[in-house]
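Let me begin by presenting the structure, written as structure tokens, before commenting on it.
As the structure is a prediction and not an experimental result, all values here were calculated from the model.
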Amino acid sequence: MAHTEHQTMRRVLRREIAGIIGLLTDEHDFTAMLRYRTFAFDDHATYLQQVEALLRTLAAQGSHTTVALFDPEEYAEFCAETGLEPDAPSSRTRFTAELAATGPTVPYEGQPLADLVPNLIDEAVRRATWQYATTVLTRIGSCASCGEDIGRAAFARASHLLARILDTADPGHRHLVCSVSTTPEGVVAVLHADDDADGTARLDETEALEFTTVLALGIATRSAGGLVMRTSAPGRTDRVYGWRLRGEGLHPLTAGEVFDAYCTDIASGEIVSPESGVDYSEPPDLGDAEHPTGHTH
């Protein structure tokens, strides 16, 4: 009887232990792991099927599982730095545990792996974008004429601009995209905002930090860039408008410029049909936030 009770308690306890699975999302990364004798798979499609089956089983048992992006190159570096044997399951487990705290992750909530994988990759891109932008802002240094930290000042400026944009937006759901043309390639950040019951904007803190950092990167480096907002609410026509990043300020785009931007395929440059029921318009007045502060570097 006591043995049965102990088994029951262990099952209950197991449901309260969160797990993490390191996932090899693409064929290239999977192939890189084939160098290890202890890696048990030889076909990526079969590997993904087995991972999905395991996730479903754990969910059925009441376990919470997080899926992390497993990067073979980062794994090899981790083993070299820690002195672990890379061709060992215990080393892969140790690395996967580290990913829970430091790497891109997505919780498994019963969604098909075909839906989870793109979300996981998007999360990895978002994190890499934020890390890149943060690194540039940190290293850019101080203004030669006034001594002010350029990255810090740009972040403060970006925070102010974002607050003004949200304050002047129509109520409802807001979808913002900020793009900055940096070298060697551009960076993009996305932010979603909804209204609380009292009308204040509800933001995801991580999204807001990433968005502000990318906007600050454009300001600090004086790079070409832009910001587009789409507002939606029940019973109201969606509205799309935006700004061009210019110096430390945002210059409003005309309705025609917004229309052209939304109705051009980014990859091919071809014109695409505009959405019905969408109002392409000029943005609201941001007040003095549209104009540079006068700080130069």
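Ion pairing of Arg127 with Glu210 is absent here, as no side-chain N (NZ or NE/NH1/NH2) approaches a carboxylate O to less than 4.0 Å.
Heavy atoms only, all atoms of each residue included: His64 and Pro107 are closest at CE1-CB, 4.0 Å. Nearest heavy atoms, Ala133 versus Thr213: CB-CG2, 3.6 Å. The two residues Pro283 and Pro252 have their closest heavy-atom pair at CG-CB, 3.4 Å. When every heavy atom of Glu257 is checked against every heavy atom of Thr254, the shortest pair comes out as OE1-N, 2.9 Å. Considering every non-hydrogen atom in both Gly22 and Thr96, the closest pair reads N-CG2, 3.4 Å. Contact between Asp194 and Arg174 at its shortest, heavy atoms only, is C-NH2, 3.8 Å.
Formation of a donor-acceptor pair under 3.5 Å by the Asp87 side chain with backbone atoms of Thr38 is found in this model. Formation of a donor-acceptor pair under 3.5 Å by the His175 side chain with backbone atoms of Val190 is not found in this model. Side-chain N or O atoms of Tyr47 include one that pairs as donor or acceptor with a backbone N or O of Leu24 at under 3.5 Å. Not a single donor-acceptor pair under 3.5 Å links the side chain of Arg157 to the backbone N or O of Arg152. Proximity of a side-chain donor or acceptor of Glu207 to a complementary backbone N or O of His192 within less than 3.5 Å is detected. Under a 3.5 Å cut-off, the side chain of Glu52 and the backbone N or O of Leu113 do form a donor-acceptor pair. Listed for the Ser91 side chain is a donor-acceptor partner under 3.5 Å among the backbone atoms of Glu85. Judged by distance alone, with hydrogens and angles left aside, the side-chain atoms of Asp29 form no donor-acceptor pair with the main-chain N or O of Thr25 at under 3.5 Å.
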Worked verdict on Leu253 versus Glu282 for side-chain contact (heavy atoms from CB on, under 4.5 Å): CA-CA 6 Å; Leu253 297 173; Glu282 294 188 5; over 6 Å; no
Derivation and outcome, ring pair (Phe, Tyr, Trp, His ring centres under 6.0 Å), residues Phe70 and Phe95: CA-CA 9 Å; Phe70 194 105; Phe95 175 67; 5.0 Å; yes
Derivation and outcome, side-chain contact (heavy atoms from CB on, under 4.5 Å), residues Arg92 and Met33: CA-CA 11 Å; Arg92 293 193 287 274; Met33 294 300 293; 3.7 Å; yes
Verdict with supporting geometry, Thr221 and Ser223, side-chain hydrogen bond (donor to acceptor under 3.5 Å, both in side chains): CA-CA 5 Å; Thr221 59; Ser223 299; 2.6 Å; yes
Pair Tyr132-Leu217, side-chain contact (heavy atoms from CB on, under 4.5 Å): steps then yes or no: CA-CA 9 Å; Tyr132 167 74; Leu217 174 66; 4.0 Å; yes
Ring pair (Phe, Tyr, Trp, His ring centres under 6.0 Å) assessment of Tyr280 paired with Tyr241: CA-CA 6 Å; Tyr280 301 92; Tyr241 52 84; over 10 Å; no
Derivation of the side-chain hydrogen bond (donor to acceptor under 3.5 Å, both in side chains) call for Ser232 and Asp238: CA-CA 5 Å; Ser232 306; Asp238 283 12; 3.1 Å; yes
Residue pair Leu250, Leu161: steps toward the side-chain contact (heavy atoms from CB on, under 4.5 Å) verdict: CA-CA 8 Å; Leu250 293 172; Leu161 287 170; 4.1 Å; yes
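Side-chain contact annotation: Arg239 with Ser281, donor-acceptor N/O pair under 3.5 Å present. A donor and an acceptor atom, one from each side chain of Ser142 and Asp149, are nowhere located under 3.5 Å apart.
Residues Leu23 and Leu48 meet the side-chain proximity criterion, which asks for heavy atoms closer than 4.5 Å. Counting only heavy atoms from C-beta outward, the side chains of Glu248 and Arg222 approach each other to under 4.5 Å. In this structure, Ile165 and Leu286 have side chains that are in contact, with non-hydrogen atoms separated by less than 4.5 Å. At a threshold of 4.5 Å between non-hydrogen side-chain atoms, the residues His173 and Thr231 do not count as touching. At least one side-chain heavy atom of Leu209 sits under 4.5 Å from a side-chain heavy atom of Phe155. Between Ile21 and Leu55 there is a side-chain heavy-atom pair separated by less than 4.5 Å. Side-chain contact check for Leu69 versus Thr105: every heavy-atom pair is 4.5 Å or farther apart. Ile20 is not listed as a side-chain neighbour of Thr65, based on a closest heavy-atom distance of 4.5 Å or more.
Atom CG of residue Leu84 and atom CZ of residue Phe78 lie 5.5 Å apart, to the nearest 0.5 angstrom. One finds the OG1 atom of Thr212 at 9.5 Å from the CD1 atom of Ile219 (value rounded to the nearest 0.5 Å). The CG atom of Asn119 sits 7.0 Å away from atom CG of Asp115, with the distance rounded to the nearest 0.5 Å. Taken from CG in Leu227 to SG in Cys178, the straight-line distance is 5.0 Å, to the nearest 0.5 Å. The CG atom of Asp43 lies 10.0 Å from the CZ atom of Phe41; values are rounded to the nearest 0.5 Å. Separation of atoms OG1 (Thr66) and CD (Glu109) is listed at 9.5 Å; rounding is to 0.5 Å.
Tyr75 and Tyr36 have perpendicular rings, their planes meeting at more than 60° on a 0 to 90° scale where under 30° would count as parallel. Under the 30°/60° scheme for interplanar angles, the aromatic rings of Phe30 and Phe39 are found to stand perpendicular.
Criterion: ILVMFWY side-chain heavy atoms under 4.5 Å apart, direct or through other members. Under it, Val278 and Val177 are not part of a common hydrophobic cluster. In the hydrophobic clustering of this structure, Leu137 does not group with Val188; members are Ile, Leu, Val, Met, Phe, Trp, Tyr whose side-chain heavy atoms approach within less than 4.5 Å, directly or through other members. By the criterion of side-chain heavy atoms lying less than 4.5 angstrom apart, applied directly or through intervening Ile, Leu, Val, Met, Phe, Trp or Tyr residues, Trp130 is not grouped with Val187; the two fall into different hydrophobic clusters. Using a 4.5 Å cut-off between side-chain heavy atoms of Ile, Leu, Val, Met, Phe, Trp and Tyr, with links allowed through other members, Val67 and Leu58 fall into the same hydrophobic cluster.
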